[in-house]
Amino acid sequence: MSVTSSSQAATRERVRSWTGQSITRKEDGRLVQGQGSFIDDMGMHGQGYAWFVRSPHAHARIVSIDPASALAMEGVYAVLTGAEAREMCQVPFFQIAPGDGGRIEEWPLAVDTVRYQGDAVAVVLADSRDTARDAAELVEVEYDPLPVVVDGVKAAEPDAPVLHEKAGTNVAWHGTYDFGDIDWALKNADHVVKIDRLHFHRFSSTPLECNGAVVDWDRGTGVVEVKSNLQMPMFAAMVMGPTLGVPINKFSFSSRDIGGAFGNKISFYPQIAALALLSKKAGRPAKWTEYRTEHMLTSTHGNERTFLDIEVPVMADGTILGVKARAYDDVGAYLHYEPLGAVIWSQVVPGCYKFKNVQVDFTTTVTNKCPVSPNRGYSRMQHLWMLERIVDIVAHELGFDPVELRKANYVQPEDYPYQTPNGCVYDSGNLPLSLDMALELADVEVWRRRKLELGTGTGKRIGIGIGSTLDSGTNNFGQARIVNPDLPFSGNGEAAFAKLDLYGEVNINLGTTPQGQSHETTAAQVAADILNMSPDQVTVTTGFDQAHNSFVGFSGTYASQFAVTGLGAVMGAVEKLRDEILEVASFALQAPIDELELGDGACAVRGEPARAIPFIGIANLVYTNNAVLPIELASRVTLNCRHVYVPPFQVPDTEHKTGNLTLTYSSQIHVCVVEVDEETGVVEILAYSAVDDCGKRINPQVVEGQVHGAAGLGIAAALYESFEYDEDGQLQEPSFYEYHAGTARDIPGIRSGSIESPSPFTPNGAKGMGEGGGAPLHAVCSAIQDVLGKNDAIVADSHNPWERVHLLLHSGERGDPRGVRVVSRGTEGAWV
Amino acid sequence: MLLKSVEYVRPDTVPEALDLLRSNVGAAPLAGGQSLTNVLKHRVASVDLLVDISALAELRSITRTAEGVIEIGSCVTYDEIDHSREVRAGHDIVARVAAHIEDQQIRNRGTIGGNCCLSDPTNNLPPLLVALGATMNVRSAGGSRQVAAEDFFKGYFLTALEPGELLTSVTIPPLLSGVGAGYVSVSVAADSKAIVRAAARVEVKGVIGEARVVLARVASVPVRHRGMEDALRGAPPTAESVRAAAATIGNELEPIADSHGSSQYRREMARVVAQRAVLEAIAEGGGK
């Protein structure tokens, strides 16, 4: 239940802790009244408007670019081509990949070769967005088309067209993860379930606001100012710096309100770098707001992953011993953040399960498609989906109840902290209880009866599906070294700054870039508890500004970590501030610190309310009246307190690919009940529930909002959203006309519940939970599997549009290959 | 510019509008603008003069005769159709289809005339009007003529309208006792384009009498399926006979393929939606 803002003050006396309350969001007032500051609200004096010239071909040599006609147009300031941009750069963008993949070259604009439909070859600056767009049409580009590869598995074959000549291969990364003893498990299992292929499709969580930036290369100071809606600005700064030859302290990045970002606003640094160069060339700021089709063609897509030759050893009692698979991650034409997807999945090697023997042969390939970038549930979602598919398929093939099979194989409540086969530590949880709650919330008993009553011949079938997932949060960036041991990255952290201002105002400054995660509210809640005041009395400045904010290299809002890293930093900074306040008050009131208490913006001697000093008095003594203080105190206390929260991590073992890769593991269990129409394959969701366990919830309503948001994106991805390319590399869904982004009309009512298993590893018992782990994709596929018969093919794709469901429903009648087989040990020990 | 520079005029009368359309080669009528402005934005058509007909009272009325014939002005919006007592009285299905065009903002602006004159194969009303045997009333500065809905839609974004002609209203014959209509789609999602769609008008007098079965999204325009219509005529109004009639839908259809459905799937679904639309029409007609 939430309380209104006005009643927050009234209830102050009764509330022991603001943490854990669903208080009204501090940011809602301005956001719902249209008073937010989004990227398109930003501008700079004298700015021009940019429009990118983009390739219609998926793969081609650039023969020539002639901007003359565009430049002749009235209102056009400048045109920058790829070759010119390269001349202005020092080095290509930094690559994470080692070896061949590390030789993949990317510059701000394509040079010589375009590698996907929409690859930018030039950028125009003009006096209006429309002039720039018209002029871009006049830039004459001659292309010489090259062969195209759009399949992530075929891209690895020796005869595939190679995208990047300098790499000499499309394999950007390859490695084998081998934990436990999969050969032993396959040999000693009672059954081995073999699945030919599972495919996790390409889609992207759709933000309302596309990408955008206003960039100025100041000729006087050399400062490159970047106002943008990047969600991890300093990552962009670190990638762009060497390329542009700009030191970090000559960048000035800022991000204000962001209209949705699900990882897809981490990696548009090539566009920003091109804008910087365009600004340098034109001598004026360049503003760019992305067009929707441009966003869908070129911004970023999520990782598309194909699993081949999956083998699952299972004992007669249903104990799953492990999994063996080959995985191909199709990351598109360039490596943005990749190949980190090749390791990030290993945060959740066994998913929710206790099996110990896992071997995954992992290959990252480049293809003539839009580059991928982290997308809500990044890389773990693909792997967790595969694990949930195999659990359902094992149940389906061997006749186990999917609920009981899960419960028997889950990590059990008494097992925490639980170490996974690769050294990750699951901090806390209660998966069987979460599953029971989710089943009850979805009224599964009722639907099971309805399913039986429905029977055959009605043309309708009811299916019940489960999605068990983990949302691993607070990365250990040391896992990047598993991909490339030479990388100088490890650990994690976030900075916060707490300050008492001149008249005693409490101010907290964060380096994060919230996009709906309510950082203003939750930071105020934890600060209010430490200072014993109302969250209304705490001002929180969010939105990143390099000039003002305190930050570390990891700062930003991504990867389910704010409740731990961000609030950990806030708590540390506010505790330091509290201690300074108490120290000054102790002098002013002439009382020992342990006899003082804070309340309502003042400090008083316990039991003597008349002996008190308000925060304005403390501020006065430190800022404007410091001769009153002893010189030692006056020169030490600043009322400006910075704290960096650092989680306890070590550098992983890169040889064995083991280590503690994330600090916290939230769980989500979803249950989905569907009705499938046999004649059409149309799937209707009849009931949906989600139970979240993210440890201690700072603000339950904020948590619930994120559970709903992630569920909506996942359901839409499971049924409606897919980016598909034809054999020429043309995207089939470049606009909302073809790409049906889920809307409120499509998403069913979600019954959500929660349990709280506090993390023993975090300052506040909370865990990150924003990504959600893709549970709806697991649950929807599971529900569709549940309506299929013994002879039907298995649900092998994460995207199930009606035709695919229709094919599955009638696959048995046609005798289609099922995509699965079981090899069992006979009673005499022989394999049958 | 996002929209290229274009002249705009808002005439006070229909004759004035017709004059403007006749005397300007690059003129196009603008009604609700829900399609035309997108067409202009994507620069797939060039228009020099927009003749805004949306406020012409003559094009904005709905009339219903004593015999149950309904005439809907071409600038009547979907929302007005949805909330029209005249339409609901005898042509509930027209109101229901109009009510399902997403979303409310579009229903407030989009018009029946625009929906028909764009001739986008995904549009909702054309197959229904063909099934209902509607007549398209067309005027030009030189006179007026009537075109059967069936003959009005000529191809992708192409209609029977000649330059200078304006669709002024649509006349729909009554759905009398024993006559019902049905409309069934398979869509990507709740508020998305249809993958395949059927509309039907079926007369039942003991057995099925006249039946009109129209399929959409299987060709560039709504198509009547004569084979199924013939198979229905004289058949008992049962699920079995309708299923048998739908089985006549076959390889003569060569539907488009896209990422939401292959040609084969659309052909199979055409049978399903045709059968369901006819059964819906039978049920509706029987309820009168």
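Note: hydrogens, waters and symmetry copies are ignored here, and every other heavy atom, side chains too, is used. Numbers restart at 1 for each chain; the letters A, B, ... are given by sequence-line order, proteins then strands.
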Visitor: Measure the spacing between OG of B:S192 and CZ of A:F736 and express it to the nearest 0.5 Å.
Guide: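 One finds 13.5 Å between OG of B:S192 and CZ of A:F736.
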
Visitor: So how far is it from A:Y737 OH to B:N38 CG, rounded to the nearest 0.5 Å?
Guide: 10.0 Å

Visitor: Looking at B:A190, is its backbone amide N or carbonyl O close enough to the side chain of A:D746 to form a donor-acceptor pair, meaning the two atoms are under 3.5 Å apart?
Guide: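 Yes; at least one donor-acceptor contact below 3.5 Å.
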
Visitor: For A:E684, is it the side chain, the backbone, both, or neither that has a heavy atom closer than 4.5 Å to a heavy atom of chain B?
Guide: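 Neither part; nothing is under 4.5 Å.
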
Visitor: Using a 4.5 Å heavy-atom cutoff, which residues in residues 241-267 of chain B come close to chain A?
Guide: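 Those residues of residues 241-267 of chain B which have a heavy atom under 4.5 Å from chain A are B:R243, B:S259, B:H260, B:G261, B:S262, B:Y265.
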
Visitor: Could you look at A:T743 and say if it's the side chain, the backbone, both or neither that has a heavy atom under 4.5 Å from chain B?
Guide: side chain

Visitor: Can you check whether anything in residues 720-727 of chain A gets within less than 4.5 Å of chain B, heavy-atom wise, and list it by number?
Guide: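 Those residues of residues 720-727 of chain A which have a heavy atom under 4.5 Å from chain B are A:Y720, A:E724.
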
Visitor: Counting only heavy atoms not in A:E813 (residues, nucleotides, ligands), do more than 12 fall under 6.0 Å from its CD?
Guide: yes

Visitor: Is B:V186 close to chain A through its backbone or its side chain, or both, or neither, when contacts mean heavy atoms under 4.5 Å?
Guide: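 The answer is the side chain of B:V186.
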
Visitor: Please state whether the side chain, the backbone, both or neither of B:R271 comes within less than 4.5 Å of a heavy atom of chain A.
Guide: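 Neither part, no heavy atoms under 4.5 Å.
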
Visitor: Strictly less than 4.5 Å between heavy atoms, which residues of residues 96-105 of chain B line up against chain A? Please order them by number.
Guide: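 Within residues 96-105 of chain B, near chain A: B:E102.
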
Visitor: Quick one: do B:M269 and A:V682 satisfy side chain to side chain contact (heavy atoms under 4.5 Å, CB included)? Show the steps, please.
Guide: CA-CA 11 Å; B:M269 290 310 105; A:V682 171; over 6 Å; no

Visitor: Tell me, out of A:E679, A:Q732, A:E733, who's got the most heavy-atom pairs with chain B below 4.5 Å.
Guide: A:E679

Visitor: Pull out the residues in residues 800-811 of chain A that come under 4.5 Å of chain B, heavy atom to heavy atom, sorted by number.
Guide: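 So far as heavy atoms go, A:W802, A:E803, A:H806 are the residues that approach chain B to under 4.5 Å.
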
